[in-house]
Amino acid sequence: MTALPHAVDAETPLRDEELQVLRAQYEKEGDMVGVQTKFNFAWGLVKSNSRNDQQTGVRLLSEIFRVAPERRRECLYYLALGNYKLGNFGEARRYNDLLIEKEPANLQSADLRRLIDDKVTKEGLMGVAIISGVAIAAGVVGGILFRGKRR
């Protein structure tokens, strides 16, 4: 569990039964699905631990963001969260920064920003370590090959 209490959504999925209720309502409304029903379902999907659910949730939230300007602020946090969970840290930061710009005192967004920054730092350090390891391995192999040719 995260030490950032306002970003608890990042690690708290709905129970399967709860998500199924949202899915059933969404499917029941079919082509005439209301914005609130779509948002509720997308919210539940983004909170899921399933990558496919998260991707579908982000897609639904993106649709709402495009067609319902009055709902954009609500979508920003969950678009940021969904992209964070999918590993799309640049997109997550972009959506989160838009929300922070509109609501500088939003504690959820502030905590999510810390999670994004921590993950980017961790991934960056891991990338540096991998590149360093590859460079060292290449140096060792190169040294062995060079020594072999000198004989």
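All values derive from a computational prediction rather than experimental measurement. Keep in mind that the numbers below use all heavy atoms, side chains included, and drop hydrogens, waters and symmetry copies.
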Nearest heavy-atom pair of Tyr26 and Val33: which atoms, and what distance? CD1-CG2, 3.6 Å
First locate atom CZ of Arg94, then atom CG of Leu99, and finally report the distance between them rounded to the nearest 0.5 Å. 13.0 Å
Got a salt bridge between Asp117 and Arg93, using NZ or NE/NH1/NH2 to carboxylate O under 4.0 Å? yes
Quick check on the hydrophobic clustering: are Phe65 and Ile100 connected, directly or via other members, by side-chain heavy-atom contacts under 4.5 Å? no
Side chains of Asn106 and Glu103: is there a donor and an acceptor less than 3.5 Å apart? yes
Residue pairs meeting salt bridge (charged side-chain N to carboxylate O under 4.0 Å, His left out), one or both in residues 28-41, sequence neighbours left out, come to Lys38-Glu63
dist Leu98:CG -> Arg73:CZ (nearest 0.5 Å) comes out at 13.0 Å
For the residue pair Asn83 and Phe89, establish whether any side-chain heavy-atom pair is separated by less than 4.5 Å. no
Would the distance check show the side chain of Lys47 and the main-chain N or O of Thr12 forming a donor-acceptor pair, the cut-off being under 3.5 Å? yes
Grab the two heavy atoms, one from Val58 and one from Val46, that are nearest each other, plus how far apart they are. N-CG2, 4.0 Å
Distance in Å, Arg23 CZ paired with Asp16 CG, rounded so as to fall on 0.5 Å steps: 9.5 Å
Which heavy atom of Ser109 sits nearest a heavy atom of Asn96, and at what distance? O-ND2, 2.9 Å
May I ask you to decide if Leu86's main-chain N or O and Arg51's side chain share a donor-acceptor pair within less than 3.5 Å? yes
Taking C-beta and beyond as the side chain, do Tyr77 and Tyr95 meet within less than 4.5 Å on heavy atoms? no
Let me confirm one number: the CG-OG distance from Leu14 to Ser48, rounded to the nearest 0.5 Å. 8.5 Å
Between Leu61 and Leu79 the two heavy atoms that sit nearest each other are CB-CD2, 3.6 Å
Using a distance-only test with no angle check, is there a side-chain donor-acceptor pair under 3.5 angstrom linking Asn40 and Gln36? yes
Spacing of CG belonging to Asp53 relative to CG belonging to Leu19, to within rounding of 0.5 Å: 6.0 Å
Hey, could you give me the CD/OG distance between Gln55 and Ser50, rounded to the nearest 0.5 Å? 8.0 Å
Find out if a path of hydrophobic residues (ILVMFWY) with successive side-chain heavy-atom gaps under 4.5 Å connects Leu45 to Val35. yes
Heavy atoms of Cys75 and Ile64 approach each other most closely as SG-CG2, 3.5 Å
Looking at Ala42 and Gly57, what are the two nearest heavy atoms and their distance? CB-O, 3.6 Å
